[in-house]
Visitor: 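Here's a structure for you.
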Amino acid sequence: MPWAPAADDFLARCFPALAAAPPRRAVLVVPDSSLYLLFRTLRIFCKAGVAVDLLCPRHHPIKFSRYVRHTCEAEDWRDVETKFARLLRSPQRPWCRTLVAHEPTVRRLLQTLDAETLAAWQPGISAPGVREFYEGKFGLPAAQARWGLPIPPSRVCRDAAEVRELAEDAGWPVVVKPADHMGGLGVQKFDDAAQLAAGRDLHFPLLAQKFIEGPRVVLDLFCSGGKLLAWLASYSSVQAKGPFSYSTGRHFRAMPALRPLAELVARESRYEGFCGVDCVEEAGTGRIYVIEFNPRATAGWRFGRDCGVDFAPAVAAWAGGATLAAPLTPPPGCDVPAHYFPTDLYRCFRRHDWRGLQNWLPGANSRHDICWDDPVVFMIASARRLRKRLQNLATFSPPAPLTPWPLTPRP
């Protein structure tokens, strides 16, 4: 929509170049803290004819992206949240959609913004149970009761006795998930009551779940107005820090049987934009259980083009307030292994996984997410990471050698 800078002084100070920009469909994006989620996804927006304006801390490398139109720099993430809230309250904001990928910011905004301001970002937030579902793991049991979402037996527990009670009702083993951790960090598994009694670092309240044995399945969803616009499905093939942590490798496949679940989440959550669902495929039965919902852009979209899917039409429909006749999904037979840069590359060296290292060689039959199509961002981010590692090496001092304990001869 056309915008006059005099209509909103705060908007003019944040994005002074907007006054000279021609009217065009645009989205306001808050990126994640690294380049983990969005650095190749922005290309999809530009291909769809949607401009990208950025709100991020001043030292964020993605502001140099060739796919970013205008940038508003903030001092830190708290300043980003403050500016984002004020921009949401502006009736003159020129963006058709807003997208937040930084998960700590998402959580704090959900907890602090009033309902009217939240609705400017997520219009479906007022539906029963939706806000609790967005806010974290504690909303899963209510989603199961309201929507029939398939989750393992779960309970929000305030002490170890309640965890033990759930385990005795549902059966051991159980996993416990603290509310203030992300990326699977802090998750613990207990096989019996003795292990639970000896457990440490349990911060209550937490979510206790019946442990389901089986591979993790990740659904990357793109939703609007309760409709599923596009989706990807993959198995988590490598985890960064143990079996419950975030993925550093995935295996994308066509899984048409999971489309009803993806449509259920889109319909009931009414989420606007990119989101993700973590599931477990139960060994032996193949039954799918939902174990977490991520109300932010997820990592799988940058591999969409490797799966043979052009998601630009879905982005164009989202920006224009339209829907598609059918959600976009990888074609039958899709089978794409994908690895995350640089985490998986470091893992190969640390664990001497020389076979895994072959995936990064030229001509390897694999996919990884080096953003060669956005070289300035890639070079700046890589240079900063290398400089930080060299600084750590320069300041590292090995421990002093142990002094032998003097031996006193026996009389």
Side-chain angles (χ1 to χ4, degrees), residues 21 24-57 59-71 97 99-102 218 220 222 229-232 234 247-252 273-274 276 296-319 328-331 334-346 358-386:
R24 183 182 175 189
R25 286 187 303 176
V27 296
L28 175 63
V29 172
V30 177
D32 57 302
S33 56
S34 62
L35 296 179
Y36 177 63
L37 300 176
L38 281 177
F39 66 90
R40 268 177 56 177
T41 308
L42 298 183
R43 179 178 179 270
I44 302 175
F45 283 84
C46 292
K47 188 175 182 181
V50 179
V52 174
D53 294 332
L54 200 66
L55 172 58
C56 64
H59 299 298
H60 202 296
I62 204 170
K63 70 179 184 180
F64 299 102
S65 172
R66 59 185 289 202
Y67 301 117
V68 171
R69 183 177 65 165
H70 305 305
T71 300
R97 302 286 186 178
L99 177 65
V100 182
H102 188 237
V218 183
D220 299 281
F222 189 33
L229 298 180
W231 67 296
L232 296 170
S234 61
S247 300
T248 59
R250 293 214 220 159
H251 202 119
F252 290 88
F274 296 98
R296 54 164 173 78
T298 47
W301 292 102
R302 60 183 183 263
F303 299 108
R305 61 182 183 180
D306 298 320
C307 297
V309 184
D310 178 11
F311 291 112
V315 170
W318 179 60
L328 302 177
T329 187
C334 171
D335 193 309
V336 177
H339 303 272
Y340 293 7
F341 177 85
T343 312
D344 186 73
L345 188 61
Y346 293 156
Q358 294 176 7
N359 290 316
W360 295 90
L361 298 177
N365 186 24
S366 183
R367 303 293 187 275
H368 45 70
D369 56 359
I370 297 178
C371 51
W372 296 118
D373 58 335
D374 211 352
V376 176
V377 174
F378 175 66
M379 289 188 293
I380 291 175
S382 299
R384 289 180 180 179
R385 185 180 293 270
L386 179 60

Visitor: Please tell me if the side chains of His60 and Pro31 come closer than 4.5 Å, counting only heavy atoms from C-beta onward.
Guide: yes

Visitor: Using 0.5 Å steps for rounding, measure from the CD1 atom of Ile44 to the CZ atom of Arg305.
Guide: 8.5 Å

Visitor: Under 6.0 Å between ring centres: does that hold for Phe303 and Phe252?
Guide: yes

Visitor: For residues Pro337 and Arg367, determine if any side-chain heavy atom of one lies less than 4.5 Å from a side-chain heavy atom of the other.
Guide: no

Visitor: Salt bridge (charged side-chain N to carboxylate O under 4.0 Å, His left out), that's the test. Do Asp373 and Arg43 meet it? Break it down for me.
Guide: CA-CA 9 Å; Asp373 58 335; Arg43 179 178 179 270; 3.6 Å; yes

Visitor: Looking at side-chain heavy atoms only, is the closest gap between Cys56 and Val30 below 4.5 Å?
Guide: no

Visitor: Report yes if some heavy atom in the side chain of His251 is under 4.5 Å from a heavy atom in the side chain of Ser234; otherwise report no.
Guide: no

Visitor: Side chains of Leu328 and Leu229, heavy atoms from C-beta outward: is any pair under 4.5 Å?
Guide: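 Sidechains of Leu229 and Leu328: no contact.
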
Visitor: Can you see which heavy atom on Pro330 is nearest to which on Val309, and at what distance?
Guide: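 Heavy-atom minimum between the residues: CA-CG2, 3.3 Å.
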
Visitor: For salt bridge (charged side-chain N to carboxylate O under 4.0 Å, His left out), just list the numbers for Asp310 and Lys47, CA-CA rounded to whole Å, side-chain angles, deciding distance to a tenth of an Å, and then say yes or no.
Guide: CA-CA 10 Å; Asp310 178 11; Lys47 188 175 182 181; 3.5 Å; yes

Visitor: Is there side-chain contact between Ile380 and Arg384, with heavy atoms separated by less than 4.5 Å?
Guide: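 A side-chain contact exists here, since the closest heavy-atom pair is under 4.5 Å.
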
Visitor: Does the ring centre of Phe222 sit less than 6.0 Å away from the ring centre of Trp231?
Guide: no

Visitor: For a side-chain contact (heavy atoms from CB on, under 4.5 Å) with Leu42, tell me which candidate from Val27, Val50, Val68 qualifies.
Guide: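 Exactly one pass, corresponding to Val68.
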
Visitor: Using the rule given for ring-ring contact (aromatic ring centres under 6.0 Å, His included), can you reason through Phe39 versus Phe341, listing the C-alpha separation, both sets of side-chain angles and the distance that settles it, and then say yes or no?
Guide: CA-CA 12 Å; Phe39 66 90; Phe341 177 85; 8.6 Å; no

Visitor: Tell me, with the steps shown, if Asp53 and Arg69 meet salt bridge (charged side-chain N to carboxylate O under 4.0 Å, His left out).
Guide: CA-CA 5 Å; Asp53 294 332; Arg69 183 177 65 165; 2.8 Å; yes

Visitor: With rounding to the nearest 0.5 angstrom, report the CG to CG distance, Leu28 to Leu99.
Guide: 9.0 Å

Visitor: Can you find a pair of side-chain heavy atoms, one from Phe274 and one from Arg296, that are under 4.5 Å apart?
Guide: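 Phe274 does not reach Arg296 side chain to side chain.
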
Visitor: Salt bridge (charged side-chain N to carboxylate O under 4.0 Å, His left out) for Asp344 and Arg250? Distances and angles first, verdict last.
Guide: CA-CA 11 Å; Asp344 186 73; Arg250 293 214 220 159; over 6 Å; no

